[in-house]
Amino acid sequence: MNKIFISVLSLILVCLANESRSDWGEEARVQINEFSENVKDGAVNLKNNVSNTLHSLVERDHKNYWLNNVRTYKSYPINFYNGNGWRYDGQKEREEVATREYKHNVVVSANLGQRMIDSETFTITVHHNSPRYVPEQKTTFYGVSGEMILTDNDELEPIGEVKIEGIYYLLFDPRQDGRILMIDETGRFLHMVCRIYQDELVISKETTIVTPKNARVNKVSGVKQTTEAPKFNFELKYDGLHDKQMAFIYVTSENGGQAQRFTYPENQKVINIYGNKIQIIRAYPDKIEYMILD
């Protein structure tokens with residue numbers, strides 16, 4: 001720009017020296033003045049354009065500009081799954097099962113003080129959830145976010161998936177602390193620990209060390225079964241034969257486990273204690289032969 005002004009000044013001096021009074025000299029002075037003003041305006045415009053260009057280089061043009069351009073991260077939209085893991089809010093099937101089965105309409109015997117029939121049940125619940133993934137072996141992840149260790153007993157539930165360059169990856173949050181692990185379509189762990197930001201997966205370019213290098217997961221069924229502790233209902237015991245009277249002890253959980261004693265004549269063939277029908281075959285002081293009826 002200094003060279004431009006020097007050339008203009010030289011031209012002015014030459015014109016003034018040769019024809020300071022001529023019409024050509026006057027016209028030249030007008031053109032030179034106009035040219036000088038244009039140069040000044042161009043310099044101002046150039047300065048403004050440079051300023052605007054520099055501003056646009058750091059302007060946040062979309063919500064992930066800061067992530068994708070300023071720092072060493074890339075982000076991808078997540079397709080989140082619905083589900084809450086083993087909190088069992090999926091489909092359930094409950095079944096009550098007796099701890100002991102007694103044959104009906106078959107002659108059996110019980111000694112003095114031995115139970116003749118009882119009812120103790122437990123409940124089995126089958127939960128139907130989405131499939132889970134289990135590491136093949138102990139796997140360690142170590143990077144800028146710290147250390148994470150998975151064992152072959154950890155059941156991983158996918159929270160969603162991302163598509164990166166045409167390939168789908170499953171996402172896991174094993175410790176529910178925001179540290180996201182990924183597996184590819186073959187079940188292999190990627191060597192990275194990610195984060196979620198504004199419902200998108202943020203992938204750091206920092207290296208994560210995974211041991212073993214070829215760590216993988218196996219897919220397991222989403223069906224899981226839980227068993228509740230046995231629940232006592234009642235118990236009926238033989239209490240012997242006294243003065244031609246058969247005696248029985250009945251204990252139930254409904255009255256706090258207190259025992260009730262029932263007596264019947266020795267020759268009575270059928271007894272019914274709280275809906276339990278029993279046919280007496282023969283009673284002895286120290287044992288009884290009987291048959292449980294339907």
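Partners of Lys231 according to the salt bridge (charged side-chain N to carboxylate O under 4.0 Å, His left out) rule, which considers only residues two or more places apart in sequence or in another chain, are Glu96. For Asn105, the side-chain hydrogen bond (donor to acceptor under 3.5 Å, both in side chains) test picks out Asp294, with sequence neighbours left out.
Paired with Tyr274 under the rule ring-ring contact (aromatic ring centres under 6.0 Å, His included), one option of Tyr250, Phe248, Phe234 passes, and it is Tyr250. When each of Glu200, Gln198, Arg195 is checked for a side-chain hydrogen bond (donor to acceptor under 3.5 Å, both in side chains) with Ser75, only Glu200 meets the rule.
For the pair Lys103 and Val108, the minimum side-chain heavy-atom distance is 4.5 Å or more.
Under a cut-off of 6.0 angstrom, the local environment of CZ in Arg282 is sparse, with at most 12 non-hydrogen atoms contributed by other residues, nucleotides or ligands. In this structure, Glu147 places its CD atom where more than 12 heavy-atom neighbours from other residues, nucleotides or ligands lie under 6.0 Å away. Around the CG atom of Asp243, the shell of radius 6.0 Å holds no more than 12 heavy atoms that belong to other residues, nucleotides or ligands. Surrounding OH of Tyr168 are at most 12 heavy atoms belonging to other residues, nucleotides or ligands under 6.0 Å away. Atom OH of Tyr142 has 12 or fewer neighbouring heavy atoms from other residues, nucleotides or ligands inside a 6.0 Å radius.
A ring-centre distance under 6.0 Å is not found for Tyr290 and Tyr238.
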Exercise. Can you list the steps and then say if Ile196 with Asp173 is a side chain to side chain contact (heavy atoms under 4.5 Å, CB included)?
Worked result: CA-CA 10 Å; Ile196 294 177; Asp173 188 357; over 6 Å; no
